[in-house]
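Notes for the one structure printed next.
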Amino acid sequence: MASSTPTPERADPPLARRCGRGYDRAPMRQHVVDIVRRALARGAAEGRWPALATPFTVDPPRDPRHGDFAVNAAMVLAKPAGRPPRELAQGIIEAIQAEDGGRSIASLEIAGPGFVNLKLRPEVWLAALPEVVRQGAAFGRSEVGKGKRVNVEFVSANPTGPMHVGHGRGAVTGDVVASLLDWSGHAVTREYYVNDHGAQVQTLARSVHLRYQELLGRTVTMPPKSYPGDYVIEIARSILVELGPRFLDAPEAEWLDLFRERAVAHVLAMIRSDLAAIRISFDVWTSERKLYDSGTVQRFLAELEAKDLVYWGKLPPPKSKKGQPVPAAGAPNEEGIGEAEDLLLFRSSLHGDEVDRPVKKSDGTPTYFCADIAYHWDKRQRADQLVDVLGADHGGYVARLEAALEALGASRHDLHVVLIQMVNLTRGGEAVKMSKRSGNVVSLQEVVDEVGCDATRFIFLTRRADAQLDFDIELAKRQTLDNPVFYVQYGHARLARILEKAAEADAPEARFDAETLAVLTAPEEMDLVKRILSFPDLVAGAALAWEPHRVAFWLQETIGAFHSYYTQGKRTGERFIGADPVKTAARLALARSLKQVLANGLAILGVSAPERMESRDLAEDV
RNA sequence: GCGCCCUUAGCUCAGUUGGAUAGAGCGUCGGACUACGAAUCCGAAGGCCAGAGGUUCAAAUCCUCUAGGGCGCGCCA
């Protein structure tokens, strides 16, 4: 585990949090942060500049020529000190040098408006490399989330049909967010909320009954709002086979519950199977129905009343859509409910919501929202931080959930919602027709069957969650450069083959001692070493920003750097396994470290890291 | 009409929570294989970061407005 990582001492936590970004404890960077912090404190104590009021940053600059880290302390201090930043920078450099005593820093210089560019001695970087292989599959884990319980709710697709591609994106995103949080030391629960209570599952049950009648020879027409899919026929058939035709003309009350239970169980089994195909499983499945059966919702409502958070009243009239007339007062809406009647309203507008939201309908039954806040409140008791991964069409729902948490005494920040934008499925650039009406929504299963689990998962992660994603089936199957999955996996396989080849060729073994690694002097080699060592930083950052796509991009960049280095070696004749046994041993150490870090990155994404690629079969292409 | 999200190279997108001369891939053009995987790489061309103001040492990033695109908007879940 990561516990043996040389953890830099953390003198004073509040100060430590102010300096740097707080979340970042990558050993090398933290080392620099510590030195700079001590240097600044000493300078302040000596009256050379004021004590730091705002945080400074230590960041790897975009341009590697600017050094390993850029420190902005002089610019931050310029105003309070009343002196030009470049002048301050000179003093800061001297203080840093005094602090370090030449042990770890190779160079310091003033640049641009007042940055202090800092370069560590190569041996400092190289000395950290053995840790990568020593920690192996745990390299990259951190404890930034130590002791924090996080509940990640995702998918939560209604149990009325198989998962489609859009669900798949949310599923993979949620799964990897959970994985990242796990890697950064949080105690993670993956949770699925099953909406098995409302009108939609009733509709499903009725659809099954219609198909049931059909199987018994009746001619039926599926109403517009029903579920016509083939799986509905399957469910009907299984009921017919097992229980016979006795429900054909029975009143609804006699079969509705039974049909619903059967249907939901069947669909949930389908969903579990869809999820298994993309390597996703959940720790907890929470049934909305059981929240009622166990009295959780009722108790929750009582609590709301006790806290005076609800009242009986009328909802303000809706904002009309452009071009549409505002319904006359008292006119019934689509559900035939007039607006004159009172409902039980939750005071969400006190906490940032636009209006108060109903928790009980005018007929006295609880709304969906009611059960959902009860559910979130319940989750909040079980975890310190909640994450919901929702489709973007639920964006309007976030404010009321946050309001609910806040009203109940938690913080609105205890919930973070990751909104997933829609997926445009294409095939060779042509949009794939998705018609909900015909039940022809392309199922996740079909896509996974065609392109494979690895490609499906990876492609879902090649875009920020809140941006729309084009998913091209042909591209995902293609074994070429424009397919990022292939590119990254090939890089891992290539490293595996090099190490394999070295063993066969009786080449020297990888060696991690300082003397051997010291021959890794090429800029490309040091660049790779630094990239490898930045991995824990990347993972922690992606976790705390809930941004799994960062890992996918990092993998592509890192493997690209390796391919470039490798091919360059081929061109110059500086072969990976070369005549020089020391260089060979050092390069193999680099290869092992890089292979490990790629494997770990892919593990976070839930994508396999193959030891070799299957041979390309072009004959398959028509 | 109101709210939220988006707008970066011809195309698809990154941009390290405000840092230095804005980066990749694809596409285009031109190059590199007696080889440990050329399933790769190198180079060139390509930009008013949608537009206008503001905040400060510093803005693609934060605030306001405008123009386009997406989503949502009464006791459906």
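Order of the sequence lines sets the chain letters (A, B, ...), proteins ahead of strands, with each chain counted from 1. All values below come from the heavy atoms of this structure, side chains included, with hydrogens, waters and symmetry mates left out.
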Between [X] ([atom1]) and [N] ([atom2]), how many Å, whole number?
X	N	atom1	atom2	answer
Ile559(A)	A24(B)	CD1	C1'	15 Å
Tyr490(A)	C36(B)	OH	P	12 Å
Met422(A)	C4(B)	CE	C1'	17 Å
Leu469(A)	C13(B)	CG	P	8 Å
Leu590(A)	C36(B)	CG	P	20 Å
Leu475(A)	G27(B)	CG	P	11 Å
Glu354(A)	C4(B)	CD	P	8 Å
His66(A)	A20(B)	NE2	C1'	5 Å

Students often mix this up, so state it plainly: with edges at 30° and 60°, are the rings of [X] and [Y] parallel, tilted or perpendicular?
X	Y	answer
Phe576(A)	Tyr566(A)	tilted
Trp285(A)	Tyr192(A)	parallel
His563(A)	Tyr490(A)	parallel

Who are the salt bridge (charged side-chain N to carboxylate O under 4.0 Å, His left out) partners of Glu525(A), not counting sequence neighbours? none
Mind checking if [X] touches a base, just sugar-phosphate, or nothing, with heavy atoms under 4.0 Å?
X	answer
His197(A)	nothing
Ile577(A)	base
Ser564(A)	sugar-phosphate
Pro60(A)	base
Arg464(A)	sugar-phosphate
Glu288(A)	sugar-phosphate
Tyr566(A)	base
Asp372(A)	nothing

When you check the glycosidic angle of C65(B), does it come out syn, meaning within 90° of 0, or anti? anti
Backbone N or O of [Y] within a donor-acceptor pair of the [X] side chain at under 3.5 Å?
X	Y	result
His167(A)	His164(A)	yes
Thr584(A)	Gly578(A)	yes
Asp466(A)	Leu419(A)	no
Asp454(A)	Ser608(A)	yes
Arg550(A)	Leu538(A)	no
Asp68(A)	Leu118(A)	no
Asn483(A)	Ala476(A)	yes

Residues two or more places apart in sequence or in another chain: which of them pass side-chain hydrogen bond (donor to acceptor under 3.5 Å, both in side chains) with [X]?
X	value
Asp363(A)	Thr365(A)
Ser287(A)	Asp196(A)
Arg169(A)	none

Residues from residues 387-401 of chain A lying under 4.0 Å of RNA chain B - heavy atoms: Ala392(A), Asp393(A), His394(A), Tyr397(A)
Those residues of residues 199-206 of chain A lying under 4.0 Å from RNA chain B by at least one heavy atom: Ala199(A), Gln200(A)
Collect all protein-nucleotide pairs involving nucleotides 10-12 of chain B in which both atoms are nitrogen or oxygen and the distance is under 3.5 Å.
unit_1, atom_1, unit_2, atom_2, d
U12(B), O2', Arg463(A), NH1, 2.8

Tell me whether the side-chain N/O atoms of [X] come closer than 4.0 Å to OP1 or OP2 in [N].
X	N	answer
Thr365(A)	C75(B)	no
Lys225(A)	A77(B)	no
Tyr487(A)	C41(B)	yes

Please name all residues satisfying side chain to side chain contact (heavy atoms under 4.5 Å, CB included) with [X], sequence neighbours left out, ordered by chain then number.
X	answer
Ser564(A)	none
Glu557(A)	Arg531(A)
Tyr292(A)	His197(A), Glu288(A), Val297(A), Gln298(A), Pro366(A), Ala371(A)

[atom1]-based separation of [M] from [N] [nearest Å]:
N	M	atom1	value
C63(B)	C6(B)	P	11 Å
G43(B)	U7(B)	C1'	31 Å
A58(B)	U21(B)	P	13 Å
G68(B)	A52(B)	C1'	15 Å
G69(B)	U12(B)	P	16 Å

For Gln568(A) and for Asp356(A), find the nucleotide of RNA chain B with the closest heavy atom, then tell me which residue's nucleotide is more 5'. Gln568(A)
On RNA chain B, does the nearest nucleotide to Val71(A) precede the nearest nucleotide to Glu611(A) from the 5' side, or the other way round? Give the residue. Val71(A)
Verify the stacking flag for Phe115(A) against A20(B): centroid separation must be under 5.5 angstrom and the ring planes must differ by under 30 degrees. yes
Closest nucleotide among C36(B), G15(B), A20(B) to the Lys501(A) side chain: C36(B)
Among U40(B), G15(B), C36(B), find the nucleotide with the atom closest to the side chain of Thr567(A). U40(B)
Mind running salt bridge (Lys or Arg N to Asp or Glu O under 4.0 Å) on Glu611(A) and Lys595(A) for me, showing each step along the way? CA-CA 10 Å; Glu611(A) 292 295 305; Lys595(A) 177 169 177 281; 3.3 Å; yes
Close N or O pairs between protein and nucleotides 57-60 of chain B (under 3.5 Å):
unit_1, atom_1, unit_2, atom_2, d
C57(B), OP1, Lys79(A), NZ, 3.4
C57(B), OP2, Lys79(A), NZ, 3.4

Both atom distances under 3.5 Å, Watson-Crick or G-U wobble: I'd like the secondary structure of RNA chain B as a dot-bracket string, with | for pairs made across strands. (((((((..((((.....[...)))).(((((.......))))).....(((((..]....))))))))))))....
Atom pair CD (Gln90(A)) and CD1 (Ile110(A)), whose distance is rounded to the nearest 0.5 Å: 4.5 Å
